[in-house]
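Have a look at the structure below, then the notes.
Heavy-atom basis, side chains included; hydrogens, waters and symmetry copies ignored. Below, read A as the first sequence line, B as the second, and so on, with proteins coming before strands; counting in each chain starts at 1.
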Protein chains: 2
Amino acid sequence: MQICEHASLRARSPVWNADPVTTPPPGLRERKKQATRAALREAALRLAVERGPDGVRVEDIAEAAGVSPRTYNNYFASREQAIVSAVTADREARVAAAVAARPAGVRLADAVTDAVVEQYTGTGEHEHGALLLITTRSALREAFLDATADIEPPLTAVLAERLENAGESTARVLAASVAAAVRIALEGWLRPAGTAGALAGTGAGGLVVPSGSLPDRLRAALAPLAPAFDAVERREPVR
Amino acid sequence: MQICEHASLRARSPVWNADPVTTPPPGLRERKKQATRAALREAALRLAVERGPDGVRVEDIAEAAGVSPRTYNNYFASREQAIVSAVTADREARVAAAVAARPAGVRLADAVTDAVVEQYTGTGEHEHGALLLITTRSALREAFLDATADIEPPLTAVLAERLENAGESTARVLAASVAAAVRIALEGWLRPAGTAGALAGTGAGGLVVPSGSLPDRLRAALAPLAPAFDAVERREPVR
DNA sequence: GAGAAAACTTGCGTGCACGCAAAAGTCCTG
DNA sequence: CAGGACTTTTGCGTGCACGCAAGTTTTCTC
């Protein structure tokens with residue numbers, strides 16, 4: 001049974017629904033699935049905050065959520081993914097929604113950049129505390145960075161709709177490039193203080209202090225992609 | 001001890017050396033490391049071909065290479081990575097080398113595209129057989145696709161040198177976008193035959209037939225990025 | 001409303017994957 | 001050349017992560 005949104009399957013089974021208005025209300029089975037997923041995320045984050053990230057096992061999370069460890073792995077492929085999922089709270093899907101919400105006359109490159117900056121910096125102090133938690137462990141940091149790949153499927157859908165004649169492949173490459181740029185900006189922002197290379201590999205100890213302005217990093221990372229967006233938006237024959 | 005080139009560390013500790021001529025010859029320790037890595041790769045591929053990909057355990061590979069399973073995991077983070085590493089044979093680094101080898105007057109977007117197409121299609125029948133092996137198992141396919149991320153670090157170094165005033169971040173975003181585009185092209189090419197979505201998740205059974213022309217897919221995937229390369233090459237202020 | 005089909009949960013067994021620490025090997029310095 | 005420093009190998013223990021199959025729950029059809 002395939003519930004786990006494994007990274008390799010994300011592009012093929014997006015959780016984001018571009019047209020939720022016309023779908024029928026979910027049945028009991030679907031509601032129970034969502035409830036289980038939410039319970040697992042909440043338990044993962046709560047236990048990680050209470051006990052420290054190393055003090056939480058899959059068995060603990062599963063028990064707190066009222067399911068078996070096997071069921072946990074039906075929903076999340078690793079211990080870290082549940083914690084990160086609770087922290088990011090489907091932000092990746094919200095990036096696409098924010099792009100879709102921009103007026104059609106806005107330059108697409110600007111719309112994408114503004115949406116990313118808005119969603120990645122407009123966070124409450126709840127996430128700030130959780131982000132501190134994440135930065136203390138390399139496995140959590142990696143899972144947090146890996147989650148940027150989730151930007152691609154919903155953004156592909158939005159870009160495909162905005163760029164009618166460009167084709168699915170072009171939309172997908174642009175969306176994947178945005179995800180890559182966001183990851184690079186976050187990596188630079190979360191790089192461990194001091195001797196970065198030596199400490200980055202350690203599971204603990206290296207104190208990671210978010211450095212510099214995240215909006216500036218995000219804008220700088222996304223800027224090189226603007227000409228690609230402009231060309232497709234003008235419907236130039238690319239290449 | 002950090003020998004494993006884990007995906008998360010690749011960007012920070014590239015194996016590709018931009019200037020090998022001036023480095024001193026490696027010592028015994030370094031030569032033994034390279035020999036161990038080569039032995040593990042060779043053993044992994046040979047055993048996978050002989051017994052089928054499911055018939056090979058880490059313990060088997062380690063024994064065939066003359067090291068312990070713990071040492072195996074010092075070099076490779078998963079069973080699949082050794083097999084894929086043997087198949088791709090550092091192709092990702094060769095992409096960057098091929099770009100670097102292009103004359104300076106060649107349009108950079110063309111140089112990158114031609115280098116990618118050349119390295120991903122100019123393969124002997126040795127790899128063709130190994131590719132068939134990879135496509136029969138989803139875990140191997142995923143590891144094969146994940147390996148495209150290795151394009152980024154060496155290509156970043158080459159782009160940073162070619163685009164002197166663009167900065168490391170821009171080079172990195174462009175290189176990461178190329179890696180993303182290559183992955184998308186390969187995903188489309190290796191998508192399972194018939195009902196793709198239903199079978200893709202299965203570990204076995206789904207017969208994956210490389211479909212369509214890989215060069216065409218690669219060129220199509222890379223085309224949307226050309227304006228981004230052109231803008232940076234012309235040293236336009238991007239954004 | 002009952003039965004079949006589909007989906008989900010779960011126990012079990014197996015093979016990892018990794019941190020830790022001790023032992024061994026390599027390199028460097030005096 | 002010997003000893004210290006650094007790196008690598010390895011055993012051990014632990015916590016996963018997943019495939020398989022049986023049981024349970026939900027949905028659908030007649």
Check your understanding: How do A/Thr36 and B/Asp60 order along DNA chain C: which one's closest nucleotide is nearer the 5' end?
Key -> A/Thr36
Review point. What does the inter-axis angle of the helix from C/dG1-D/dC30 to C/dG30-D/dC1 come out as, five pairs per end, nearest 10 degrees?
Key: 30°
Exercise for review: For D/dT25, take OP1 and OP2 only and decide whether either is under 4.0 Å from a side-chain N or O of A/Lys32.
Suggested key: no
Point to revise | Donor-acceptor contact present, side-chain B/Tyr72 to main-chain B/Asp60, <3.5 Å | key: no
Practice item. Take atom CZ of B/Arg37 and atom P of D/dT9, then tell me their distance rounded to the nearest Å. Key: 10 Å
Check your understanding: Side chain of B/Ala77: nearest nucleotide among D/dA17, C/dC18, C/dG11?
Key -> C/dC18
**Study point:** B/Glu63, CD atom: more than 12 neighbouring heavy atoms under 6.0 Å
**Key:** no
Exercise for review: Calculate the interatomic distance between B/Glu80 atom CD and C/dG15 atom C1'; express it in whole Å.
Suggested key: 11 Å
Exercise for review: Indicate, with a heavy-atom threshold strictly under 4.0 Å, whether A/Arg70 touches base, sugar-phosphate, or nothing.
Suggested key: base
Practice item. Using the closest heavy atom to pick a nucleotide of DNA chain C for each, name whichever of B/Arg57 or B/Gly27 lands nearer the 5' end. Key: B/Arg57
Point to revise | Interatomic distance, A/Glu59 CD vs C/dT10 P [rounded to whole Å] | key: 14 Å
Check your understanding: Think B/Thr71 has a side-chain N or O under 4.0 angstrom from the OP1 or OP2 of D/dT10?
Key -> yes
Exercise for review: Take atom OH of B/Tyr75 and atom C1' of D/dT8, then tell me their distance rounded to the nearest Å.
Suggested key: 7 Å
**Study point:** Pair A/Leu186-A/Arg217, side-chain contact (heavy atoms from CB on, under 4.5 Å): steps then yes or no
**Key:** CA-CA 8 Å; A/Leu186 291 178; A/Arg217 286 184 180 276; over 6 Å; no
Exercise for review: May I have the distance from A/Arg29 (atom CZ) to D/dT27 (atom P), rounded to whole angstrom?
Suggested key: 6 Å
Check your understanding: To the side chain of A/Asn74, which of C/dC16, C/dT10, D/dC16 is closest?
Key -> C/dT10
Point to revise | Residues A/Glu187, B/Arg172: salt bridge by 4.0 Å N-O rule | key: yes
Point to revise | Nearest-Å distance for atom pair OH/P, residues B/Tyr72 and D/dT8 | key: 18 Å
**Study point:** Any side-chain heavy-atom pair of B/Glu92 and B/Val95 under 4.5 Å
**Key:** no
Check your understanding: Quick one: which of D/dC16, D/dT9, C/dC27 gets closest to the side chain of B/Leu28?
Key -> C/dC27
Study note, to complete from the structure: Paired with A/Leu140, the side-chain contact (heavy atoms from CB on, under 4.5 Å) test is passed by just one of A/Leu145, A/Val87, A/Ile83, A/Thr135, namely A/Ile83
**Study point:** Nearest-neighbour nucleotide for the A/Arg79 side chain, C/dA17, D/dT10, D/dA17 considered
**Key:** D/dA17
Check your understanding: Expressed in angstrom and rounded to an integer, what is the separation of A/Asn73 atom CG from C/dT10 atom C1'?
Key -> 12 Å
**Study point:** Polar side-chain atom of A/Asn73 near backbone of A/Arg70 as donor-acceptor pair, under 3.5 Å
**Key:** no
Exercise for review: Rounded to the nearest angstrom, tell me the gap between atom NZ in B/Lys33 and atom P in D/dT9.
Suggested key: 8 Å
